[in-house]
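These notes are about the structure you will find just below.
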Amino acid sequence: MNFSLEKSDPHCAARAGSFTTAHGSVLTPIFMPVGTQGTVKGIFHRDLTQDIHAQIILGNTYHLYLRPGLDILRRAGGLHGFSGWQGPLLTDSGGFQVFSLAACRKLTAEGCRFASHIDGSKHLFTPANVIDTQRIIGADIMMAFDECPPSTAPYDYASRSLDLTLSWLDRCMEQYARTECPYGYHQALFPIVQGSVFEDLRRRSARAVVEYDACGYAIGGLAVGEPADVMYSMIEVCNDILPTSRPRYLMGVGTPINILEAIERGVDMFDCVMPSRNGRNGMLFTWQGVINIRNAKWADDFSVLDPSGSSFVDTAYTKAYVRHLNICGEMLAAEICTMHNLAFYLNLVTTAREHIINGDFKVWKDEMVVQLARRL
RNA sequence: GCCUUGUUAGCUCAGCUGGUUAGAGCACCUGACUGUUAAUCAGGGGGUCCUAGGUUCAAGUCCUUGACAAGGCG
């Protein structure tokens with residue numbers, strides 16, 4: 001995997017670039033739709049590629065390990081063969097699940113013992129077996145196994161958590177070095193910077209991960225409850241240290257405004273459940289602001305969903321109709337709203353990329369963050 | 001015509017022997033959602049307890065009258 005910079009913004013840290021994987025290349029900045037269980041919920045691959053113009057999607061080690069399980073995935077030729085998705089694929093390591101399933105887990109130096117949320121069965125994730133699992137899934141980009149502490153974690157906890165994550169990273173890297181992709185192509189492994197909201201921990205973490213000279217680096221543990229400006233300053237702290245010659249991936253972020261602010265600070269890759277989950281819950285992101293399509297005010301609004309939208313759904317359906325579908329709980333509502341939001345997010349980063357290349361990103365971005373904050 | 005049962009929120013219904021400010025589900029309105037355990041979750045508005053009398057310190061609850069509904073008997 002190689003990353004090349006096409007243009008760096010002279011006024012800020014924003015940059016436009018691209019990287020290649022065995023399953024295709026990706027233009028950055030990029031947003032990666034989340035497909036936790038091997039599917040971007042409710043969306044066909046055809047629409048993902050041809051309508052939304054997704055270039056790379058996510059899968060999740062935790063979920064795919066539990067179902068369908070490694071035996072099926074191996075025999076299917078990995079998630080590509082299993083799901084039919086032929087584009088680039090990134091898998092999260094399950095580190096976030098260690099955080100979000102905190103109620104039923106036990107952290108040790110060895111790894112994390114947890115009970116399946118499906119049937120309660122007991123399992124152990126270790127840095128090494130998480131790499132093995134991602135090898136079997138066949139992800140083009142694998143993620144290191146980390147712990148994601150809550151934003152409310154005190155300094156001591158965050159510091160010890162970082163130590164644990166760094167020791168796990170070392171073992172992830174060892175396992176990465178001694179194994180190969182079972183399907184014969186190259187798989188990258190991204191370390192993850194942690195350190196919660198503490199600048200010195202973030203610096204320590206960033207300096208440590210850079211030592212591994214990885215294909216790319218992720219910033220994790222943000223957008224977990226801390227104020228947005230704290231997140232932005234943490235991104236700056238990390239990106240001051242992470243090399244400009246590698247893609248930087250801000251994990252789990254975020255709102256359209258979060259994404260523009262992070263692009264300005266030199267982030268290249270994003271993923272977030274927000275466009276898909278919030279879409280299923282009736283929230284639509286547009287250039288003019290946010291719409292709750294379930295609100296009564298849209299009941300007799302027969303204008304198209306989003307005249308400036310880039311998906312076919314934006315002009316194929318009216319607001320009143322999409323509200324009706326939402327109110328009735330029709331599955332098409334979730335599909336239309338997810339399509340719209342993902343297309344918007346992809347359009348957002350594509351447009352940002354164009355402005356970076358044109359050299360007017362900063363001006364454009366400052367206008368956008370005002371518009372995007374509005375509620376319609 | 002007689003008998004029985006019923007009438008409580010927009011809908012379907014809980015409310016034990018009378019006792020704080022009459023509840024639920026759904027519907028409606030609004031909000032939340034950031035490396036998905038989420039087509040989810042939270043909050044809010046909404047009542048002449050069928051009518052009219054009566055008993056009682058106190059009635060959705062007991063008694064009487066009428067209206068309406070369902071079922072049964074003629």
Side-chain angles (χ1 to χ4, degrees), chain A residues 31-43 56-64 66-67 90-105 114-120 130 134 139 141-151 165 190-194 217-228 231 248-259 261-262 267 269-285 290 292-299 322-323 325-338 341 345 375:
Chain A
F31 178 81
M32 308 179 283
V34 177
T36 303
Q37 312 206 63
T39 167
V40 178
K41 294 185 194 297
I43 307 298
I56 172 171
I57 65 172
L58 257 70
N60 193 292
T61 302
Y62 170 85
H63 297 81
L64 295 169
L66 290 176
R67 287 188 303 207
L90 181 151
T91 44
D92 187 24
S93 64
F96 188 73
Q97 278 61 46
V98 169
F99 161 71
S100 62
L101 305 174
C104 55
R105 50 127 200 189
F114 63 92
S116 160
H117 71 282
I118 299 162
D119 61 5
V130 159
Q134 293 182 92
I141 300 174
M142 309 188 290
M143 299 304 302
F145 191 53
D146 66 335
E147 189 200 359
C148 176
S151 68
T165 290
F190 284 18
I192 304 171
V193 177
Q194 286 291 347
Y217 300 94
I219 302 170
L222 292 177
V224 289
E226 79 286 359
M231 169 168 73
R248 300 147 170 176
Y249 164 28
L250 179 59
M251 304 186 76
V253 176
T255 66
I257 291 172
N258 290 161
I259 288 175
E261 295 289 355
V267 174
M269 302 165 65
F270 302 88
D271 80 285
C272 190
V273 300
M274 191 171 278
S276 43
R277 179 190 291 168
N278 290 28
R280 288 197 303 280
N281 295 330
M283 183 176 182
L284 299 175
F285 297 93
V290 170
N292 182 345
I293 199 65
R294 290 180 189 170
N295 285 174
K297 66 201 279 192
W298 308 114
V322 175
R323 174 180 193 269
L325 296 177
N326 266 276
I327 295 297
C328 295
E330 282 292 335
M331 66 172 93
L332 183 59
E335 295 168 354
I336 290 171
C337 293
T338 304
N341 279 347
Y345 267 62
R375 300 191 69 94

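Chain A is the first sequence line, chain B the second, and so forth, proteins listed ahead of strands; every chain is numbered from 1. Just so you know, these numbers come straight off a predicted model, no measurement behind them.
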Please set out all donor-acceptor pairs under 3.5 angstrom arising from side-chain atoms of residues 272-284 of chain A, sequence neighbours excluded.
unit_1, atom_1, unit_2, atom_2, d
Ser276(A), OG, Val273(A), O, 3.0
Asn281(A), ND2, Arg277(A), O, 3.4

With rounding to whole Å, what would you report as the distance between A52(B) and A32(B) at their P atoms? 45 Å

Presence of donor-acceptor pair under 3.5 Å, side chain of Glu147(A) and base of G35(B): no

Heavy atoms only, 4.0 Å cut-off, all strands: where does Ile192(A) land among base, sugar-phosphate and nothing? base

By side-chain hydrogen bond (donor to acceptor under 3.5 Å, both in side chains) - contacts of Thr255(A) (at least two apart): Asn258(A)

Write down the distance between CE (Met32(A)) and C1' (U36(B)), rounded to a whole number of angstrom. 15 Å

Rounding to an integer number of angstrom, what distance separates G19(B) and C62(B) when you compare their P atoms? 11 Å

Distance in angstrom units between Met331(A) CE and A38(B) C1', rounded: 18 Å

Quick one: list whatever passes side-chain hydrogen bond (donor to acceptor under 3.5 Å, both in side chains) with Tyr62(A), sequence neighbours left out. His117(A)

If the P atom of G31(B) is compared with that of C13(B), how far apart are they to the nearest Å? 33 Å

Over how many whole Å does the gap from Asn60(A) atom CG to U34(B) atom P extend? 15 Å

Are side-chain N/O atoms of Thr338(A) and Asn341(A) paired as donor and acceptor at under 3.5 Å? no

Could you tell me whether the side chain of Ser276(A) has a donor or acceptor atom within less than 3.5 Å of a complementary atom in the base of U36(B)? yes

Output, in order, the C-alpha distance, side-chain angles, deciding distance and verdict of side-chain hydrogen bond (donor to acceptor under 3.5 Å, both in side chains) for Asn60(A) and Gln97(A). CA-CA 9 Å; Asn60(A) 193 292; Gln97(A) 278 61 46; 3.1 Å; yes

Return the value, rounded to whole Å, for the distance between atom CZ of Phe96(A) and atom P of G35(B). 6 Å

Using the C1' atoms only, state how far G60(B) lies from A14(B), rounded to an integer number of Å. 12 Å

When you check the phosphate oxygens OP1 and OP2 of U36(B), does a side-chain N or O of Gln97(A) lie under 4.0 Å from one of them? yes

Between Met251(A) and Gly329(A), which residue's closest nucleotide on RNA chain B lies nearer the 5′ terminus? Met251(A)

Using the P atom as the point on both nucleotides, what is the distance between U4(B) and U65(B), in whole Å? 11 Å

Within the structure provided, determine whether Leu250(A) and Asp271(A) are in side-chain contact (heavy-atom separation under 4.5 Å). no

Nearest-Å distance, CD1 (Ile259(A)) to P (U34(B))? 14 Å

What contact category does Gln194(A) fall into here, base, sugar-phosphate, or nothing, at under 4.0 angstrom with non-hydrogen atoms? base

Name the nucleic acid region contacted by Gly225(A), choosing base, sugar-phosphate or nothing; use a 4.0 angstrom heavy-atom cut-off, strictly under. nothing

Nearest-Å distance for atom pair CZ/P, residues Phe31(A) and U34(B): 13 Å

Work out how far the P atom of A27(B) is from that of U12(B), and round it to whole angstrom. 15 Å

Pairwise P distance, A22(B) and C29(B) [rounded to whole Å]: 26 Å

Side chains of Thr91(A) and Gln134(A): do they bring a donor and an acceptor to under 3.5 Å? yes

Could you work out the separation of G18(B) and A58(B) based on their C1' atoms and round it to a whole Å? 8 Å

Taking NE2 from His117(A) and P from U36(B), how many angstroms apart are they, rounded to a whole number? 12 Å

Base of G35(B) paired with side chain of Asp146(A) (donor-acceptor, under 3.5 Å): yes

Contiguous Watson-Crick or G-U pair runs (3 or more, under 3.5 Å) in RNA chain B: B:1-7 with B:67-73, B:10-13 with B:23-26, B:28-32 with B:40-44, B:52-54 with B:62-64

By a strict heavy-atom criterion of less than 4.0 Å, which residues belonging to residues 33-41 of chain A are in contact with RNA chain B? Val34(A), Thr36(A), Lys41(A)

I'd like a list of close polar pairs between nucleotides 29-33 of chain B and the protein, N/O only, cut-off under 3.5 Å.
unit_1, atom_1, unit_2, atom_2, d
C29(B), OP1, Arg323(A), NH2, 2.7
C29(B), OP2, Arg323(A), NH2, 3.4
U30(B), OP1, Ala296(A), N, 3.4
U30(B), OP2, Ala296(A), N, 3.1
G31(B), OP2, Asn292(A), ND2, 3.3
G31(B), OP2, Asn295(A), OD1, 3.3
G31(B), OP2, Asn295(A), ND2, 3.0
A32(B), OP2, Arg375(A), NH2, 3.1
C33(B), O2', Asn278(A), OD1, 2.8
C33(B), O2, Asn281(A), ND2, 3.0

NE2 of His63(A) versus C1' of A38(B): gap in Å, rounded? 10 Å

